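Step one of this worksheet: look at the structure below.
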There are 2 protein chains.
Amino acid sequence: MLRPKSIPESTVRRMSLYLRSLQEAQDAGMASISSDELAERGGTTSAQVRKDLSFFGSFGKRGFGYPVRELIGAIRDILGLDHTWRVALVGAGRIGSALFGYEDFQRRGFHIRAVFDSDPAKVGQAWGGLTVRSDAEMETALREGEIEIVIIAVPAEAAQRVVDRVVRAGVRAVLNFAPARLRAPESVALRTVDMSTEMESLAFALNNS
Amino acid sequence: MLRPKSIPESTVRRMSLYLRSLQEAQDAGMASISSDELAERGGTTSAQVRKDLSFFGSFGKRGFGYPVRELIGAIRDILGLDHTWRVALVGAGRIGSALFGYEDFQRRGFHIRAVFDSDPAKVGQAWGGLTVRSDAEMETALREGEIEIVIIAVPAEAAQRVVDRVVRAGVRAVLNFAPARLRAPESVALRTVDMSTEMESLAFALNNS
DNA sequence: GGATGTGAATGTCTTCACAGCT
DNA sequence: AGCTGTGAAGACATTCACATCC
């Protein structure tokens, strides 16, 4: 599934939001929806909605709007949600535990298949149907489990080492929750959720309004 | 502390990262640092570093670089980290619990002073030195505690209602962890950490490389 | 000499506005 | 008539390149 042009990251993120809005619209029994309505629900403008969708094709009917059911299917395909993804979690602390139980991941097809930690006290614990494994087994287990996405929830000091190891084990997508800027090869998709930076951005906003 | 021009949000976020890099540099005993070195550590370019800093003033010496200690102080002032912030957490579930224990918040001056939940089974529980309070008390407690920032960690369906209530109680900054697009008045700073969207952005990247 | 600070150039994203389809 | 799809314009952010100053 190769795309003609390079798609803005901001567009991809909005696609994810549109999908949510569309599912709500479907639950409300709507069969079609206009770019105006979709913009309203997604917190953007109708022109933005149309432009975003146009990166991927023509999904609407002029004078009518977009068919909800079909558009949901199209966006699911675009985002790669037409199948489930094999995910591993590294770090079985408080944040790891919260992410493990996060139902939205499950619901959207991101299935956590393995959990690793370096703390001997945690290794062997039963988590849901899984057993927390030693991080020494990580590389082998990632390969055997054909893990596609790794979530990092370890302390900042340990995070870069984990990235290096999972990349060497063939993983090409990483979601990092450690407050550190990590390096990975171009070929690896890496996103960092930096909660302290978000808080500081709020502090700045409060001081400047 | 009113800023001359409007500062790009991306610049503010990078300031937060520079601060981290500077603190590391200080711990490593460095007294001065060039925009090149700062860029290297912060994952950006030296021109970007200089441009970002120039929004706020001139902190460097030509031919020399930036004095680490002074620049740390300046950025802390800019971001509003020169004092602590009074924070409340709404939602005492798994994610709320992880955030409550997140040491980086504490370290950076974001002190959680109150926790609320609507579940009677949770109300009254001791969390650290605090007691989980009923969400019925929320408005009063926010005002009495002079809470400046609220973290939302409730289910998506409940999130908008919480925003509306805390805004009416005078709170002007909200960090939302619920997977929902929330509405707030212009005058309120609202950031959403959307973990499912991050995962979907990774899925898209994997499908398109 | 060497690295900052910054206008100018470039690149990227968003908004406009309307032709074109249904 | 109504709403999409899209070039063109505009706004915004990043990068370049160099005069400036320590």
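Model, not experiment: these values are computed from the prediction.
Atom CD in B/Q48 sits roughly 18 Å away from atom P in C/dT10 (whole-Å rounding). Distance B/F55 CZ to D/dT14 P: 8 Å, rounded to the nearest Å. Going from atom CZ of A/R14 over to atom C1' of C/dT15 covers 12 Å, rounded to whole Å. If you take CG of B/D36 and P of C/dG1, they are 18 Å apart, rounded to a whole angstrom. Distance, B/K61 NZ to D/dT20 P: 21 Å, rounded to whole Å. Between the CD1 atom of B/I33 and the C1' atom of C/dG2 there is a distance of 16 Å, given to the nearest Å. Here the P atom of nucleotide C/dT4 and the CG atom of B/D52 are 13 Å apart, to the nearest Å. D/dG2 atom P lies 15 Å from atom CZ of A/F64, rounded to whole Å.
Expressed to the nearest 0.5 Å, how far CG of B/D77 lies from NE2 of B/H83 amounts to 9.5 Å.
Among the atoms of the strands shown, only primed sugar atoms or phosphate atoms (P, OP1, OP2) are found under 4.0 Å from some heavy atom of A/T45.
In terms of polar N and O atoms assigned as donor or acceptor, the side chain of A/R62 never comes within less than 3.5 Å of the base of D/dG2 in a complementary pairing.
A/R183 CZ: more than 12 foreign heavy atoms inside a 6.0 Å radius.
Residue B/S10 places at least one side-chain N or O closer than 4.0 Å to OP1 or OP2 of D/dT14. Taking side-chain N and O atoms only, A/Y66 has no distance below 4.0 Å to OP1 or OP2 of C/dT22. A close approach under 4.0 Å does occur between a side-chain nitrogen or oxygen of B/S35 and OP1 or OP2 of C/dT4.
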Requested in this report: Could you walk me through whether B/R14 and B/D52 pass the salt bridge (charged side-chain N to carboxylate O under 4.0 Å, His left out) test, one step at a time?
Outcome: CA-CA 8 Å; B/R14 281 190 299 265; B/D52 284 339; 2.6 Å; yes
Requested in this report: Output, in order, the C-alpha distance, side-chain angles, deciding distance and verdict of salt bridge (charged side-chain N to carboxylate O under 4.0 Å, His left out) for B/E9 and B/R191.
Outcome: CA-CA 11 Å; B/E9 176 63 20; B/R191 307 276 182 274; 3.5 Å; yes
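When distances are taken from the side chain of B/P8 to each of D/dG5, D/dC16, D/dA13, the shortest belongs to D/dA13. Closest to the B/K51 side chain, of the nucleotides D/dA8, C/dT4, C/dA8, is C/dA8. Comparing atom distances between the B/S34 side chain and each of D/dC16, D/dA13, C/dT4 picks out C/dT4 as nearest.
The existence of a salt bridge linking B/E148 and B/R172 is excluded, since no basic side-chain nitrogen approaches an acidic carboxylate oxygen closer than 4.0 Å.
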